[in-house]
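As a basis for the values below, the full set of heavy atoms in this structure was taken, side chains included, without hydrogen atoms, waters or symmetry mates.
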Amino acid sequence: MPILSKTKIQQNADLIWPFIACFFGEPVVNCPFRKVYRLKDEIKQIDRIDTFSQKELDEMRLFHGKCMSELIKIRNVTFPENYSKTKITTSKM
């Protein structure tokens, strides 16, 4: 079964990117996604979503949102004008 057809992964699709890599490069020390990054395989990393309870995923989502917000402020991040037009492909999935 292709991983993107798994219901739990579809329901938590907003967590796919945080499961693949940290937007800022090196994750913070207490990042709950660090252990997933060690797999160094995007498909296996996304598939790990299926191994967490929904409660854990919700906690990870909250952590990610707060962390991103804080790091954007701290690192004074700006996004390119064409950021919203970035093409996303799913050829491996």
Where L39 and R48 come nearest, the two heavy atoms and their spacing: CD1-CG, 3.5 Å
Smallest separation among heavy atoms of Q45 and Y37, with atom names: NE2-CD2, 3.9 Å
Rounded to the nearest 0.5 Å, what separates atom [atom1] in [X] from atom [atom2] in [Y]?
{"X": "H64", "Y": "L62", "atom1": "NE2", "atom2": "CG", "value": "11.0 Å"}
{"X": "Q10", "Y": "I16", "atom1": "CD", "atom2": "CD1", "value": "9.0 Å"}
{"X": "E42", "Y": "I20", "atom1": "CD", "atom2": "CD1", "value": "4.5 Å"}
{"X": "N12", "Y": "F52", "atom1": "CG", "atom2": "CZ", "value": "11.0 Å"}
{"X": "M60", "Y": "K55", "atom1": "CE", "atom2": "NZ", "value": "13.5 Å"}

Partners passing side chain to side chain donor-acceptor pair (under 3.5 Å) against Q11 (at least two apart in sequence or in another chain): none
R61/D58 ion pair, N-O < 4.0 Å: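 D58 and R61: salt-bridged.
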4.5 Å side-chain heavy-atom contact, I49 and V36: no
Which atom pairs, donor and acceptor, lie under 3.5 Å between side-chain atoms of residues 22-34 and protein residues at least two apart or in another chain?
residue: E26; atom: OE2; partner: R34; partner atom: NH2; Å: 3.4
residue: R34; atom: NH1; partner: P27; partner atom: O; Å: 2.8
residue: R34; atom: NH1; partner: V28; partner atom: O; Å: 3.1

Crowding at NZ, K44 (>12 non-hydrogen neighbours, <6.0 Å):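 No, because the 6.0 Å sphere around NZ of K44 holds 12 heavy atoms or fewer from other groups.
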